[in-house]
There are 2 protein chains.
Amino acid sequence: MSKARAERDTVVPALGEIFREHGFEGASLSVITEKTGLGKGSLYHFFPGGKEEMATIVLVEIDTWFQVNVYQPLRDSDDPKAGIDHMFTAVEEYFRAGRRVCLVGVFALDNTRDRFASAVKSYFADWAKALTQALKRCGHDGAKAKALTEDILGGIQGGLVLARALDDPAVFTRTLKRLRENLG
Amino acid sequence: MSKARAERDTVVPALGEIFREHGFEGASLSVITEKTGLGKGSLYHFFPGGKEEMATIVLVEIDTWFQVNVYQPLRDSDDPKAGIDHMFTAVEEYFRAGRRVCLVGVFALDNTRDRFASAVKSYFADWAKALTQALKRCGHDGAKAKALTEDILGGIQGGLVLARALDDPAVFTRTLKRLRENLG
DNA sequence: GTCTATAAAGCGATAGAC
DNA sequence: GTCTATCGCTTTATAGAC
């Protein structure tokens, strides 16, 4: 089981890219088979729950990544400004400078939304909470910190949508730069 | 033909809501039949090209609406500030104060993207061009006008994603308010 | 113009041999 | 653990009666 688990985990990143690229509905088993090189037999061996389990595990992996690389630094950094700087750097890398969309954003907009509603909601809620707290520690009052948080999280998602729609990743990096500078 | 055309056009808004709610892949003919009350026979009579034609016509309708209600006022208003104010008001109504997502944004993120790439691209490109021009007429230099345009269009899209993800439409209206105030 | 019936293909998922 | 074969269902789309 532990071995199967380890084997399974190596496929999860590839599954993430597939869901990002095709959405939940569009990621058919034939596409998944093709891109991962795993046959249906293997896929259902690793993920008895089928596509839904695959997507759930991908969402868990994403949550873990953001907890470790974004939320924790925001919460725990002695210097809250450094935590925020680290967030912007991590986000720019994670979204490959605008060439990669946000899977949670994709799931939020399409009809997959209801299926994974709680994971989608807590992704943004956790992020917002950690960022607001860091902004308060930087000296902003509660209302300002909340407003800045919405501007930053919304700006990131919107920048990704625009970058993809216009087929111009630089829109995203420019947006990140302005959001960063806007904090002074 | 003109009669069929008129009859057809009455269904287009309903199709728009269906694609918004379910995405392109998720909007199956059975869903469309149920929500519009039209049988498959009627649907293929009005839209011989099937789903793809339905979505194409919906995108044309959206483009027309934004041309008339957003881009033209931005371009033609004697007072560019009034044109921008009008844009924010129209956008808040159009997206039902955060309860309605942007179909073009939905199509931009999922795998439908490639299918309707040019319509998706020109939706944002036309909007950006008109808004940048209006901002320049307000006195902003070219670089500032371009930056503000990206912040505003991205902010709108991001606000819609966040509102949907958090199941809290007010996130969108607060974002719009700040974008508006940010212009002074 | 709208209906029913149906075709052809793809879907997620399962079973069983190996 | 991976394969092939197959089930049952849904999908888009078409045909033809009315």
Side-chain angles (χ1 to χ4, degrees), chain A residues 1-59 103 106-107 110-116 119, chain B residues 1-59 103 106-107 110-116 119:
Chain A
M1 166 168 170
S2 154
K3 196 173 180 180
R5 176 70 170 267
E7 183 69 18
R8 191 189 69 175
D9 287 352
T10 65
V11 203
V12 174
L15 290 175
E17 297 309 317
I18 294 168
F19 285 126
R20 248 180 269 274
E21 205 60 27
H22 297 270
F24 184 76
E25 309 265 353
S28 69
L29 284 183
S30 65
V31 169
I32 296 173
T33 297
E34 184 199 339
K35 301 267 179 186
T36 61
L38 293 174
K40 289 183 189 179
S42 306
L43 285 172
Y44 277 93
H45 175 74
F46 292 131
F47 309 95
K51 266 177 71 173
E52 184 133 358
E53 185 176 355
M54 298 180 205
T56 300
I57 293 178
V58 166
L59 286 170
L103 177 60
V106 171
F107 278 15
D110 76 4
N111 59 326
T112 312
R113 174 179 1 110
D114 299 326
R115 218 179 209 135
F116 305 105
Chain B
M1 164 162 168
S2 154
K3 196 173 180 182
R5 175 69 171 269
E7 182 71 15
R8 192 190 68 172
D9 287 352
T10 64
V11 204
V12 175
L15 290 175
E17 297 310 317
I18 294 168
F19 284 126
R20 248 180 269 275
E21 205 59 29
H22 297 269
F24 184 77
E25 310 265 353
S28 67
L29 285 183
S30 66
V31 168
I32 296 173
T33 298
E34 185 199 339
K35 301 269 179 185
T36 61
L38 292 176
K40 291 182 191 180
S42 306
L43 286 172
Y44 277 94
H45 175 73
F46 291 130
F47 308 95
K51 267 177 69 174
E52 184 133 359
E53 185 175 356
M54 298 181 206
T56 300
I57 293 177
V58 166
L59 286 171
L103 177 60
V106 172
F107 278 14
D110 76 4
N111 59 325
T112 313
R113 171 178 5 110
D114 298 326
R115 217 180 209 130
F116 304 105

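Remember, it's a predicted structure, so these values are computed and weren't measured experimentally. Values below: every heavy atom of this structure, side chains too, minus hydrogens, waters and symmetry copies.
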Side chains of Leu15(A) and Phe47(A) in contact at under 4.5 Å (non-hydrogen atoms): yes
If you compare every side-chain N and O of Ser30(B) against the phosphate oxygens of dT10(D) (OP1, OP2), does one of them come in below 4.0 Å? no
Mind calculating the distance between CZ (Phe47(A)) and P (dG1(D)) to the nearest angstrom? 13 Å
Anything under 30° is parallel, anything over 60° is perpendicular, the rest tilted; go ahead and classify Phe24(B) against Phe116(B). perpendicular
Quick check for you: among dA13(D), dT2(D), dT2(C), whose closest atom lies nearest to any side-chain atom of Lys51(B)? dA13(D)
Glu25(A) CD to dT10(D) C1': how many Å, rounded? 12 Å
Please tell me which of Phe24(A) and Gly41(A) maps to the more 5' nucleotide of DNA chain C, matching each residue to the nucleotide holding its nearest heavy atom. Phe24(A)
Within the structure, does a side-chain N or O atom of Ser28(A) lie under 4.0 Å from either OP1 or OP2 of dC11(C)? yes
Whole angstrom is fine here: how far is it from CD1 in Ile32(A) over to P in dG12(C)? 7 Å
Are the charged groups of Lys51(B) and Glu25(B) less than 4.0 angstrom apart, N to O? no
Does any non-hydrogen side-chain atom of Tyr44(A) lie less than 4.5 Å from one of Leu29(A)? yes
Whole angstrom value for the distance that separates C1' of dT14(C) from CG of Leu43(A): 14 Å
From the options dT2(D), dT14(C), dT12(D), select the nucleotide whose nearest atom is closest to the side chain of Leu38(A). dT2(D)
Distance in angstrom units between Ile18(A) CD1 and dG12(C) P, rounded: 12 Å
Round to the nearest Å and state the distance from Leu29(A) atom CG to dT4(D) atom P. 16 Å
Nearest to the side chain of His45(B) - dT14(D), dG1(C), dA13(C)? dG1(C)
Looking across every strand, which nucleic acid part, if any, lies under 4.0 Å from Lys40(B) by heavy atom: base, sugar-phosphate, or nothing? base
Side-chain touch Arg113(A)/Glu21(B), heavy atoms, less than 4.5 angstrom: yes
Quick note, Ser42(A) side chain, CB onward, closest among dG12(C), dC3(C), dC3(D) is dC3(D)
Can you tell me the distance, in whole Å, between the CZ atom of Arg5(A) and the P atom of dG1(D)? 14 Å
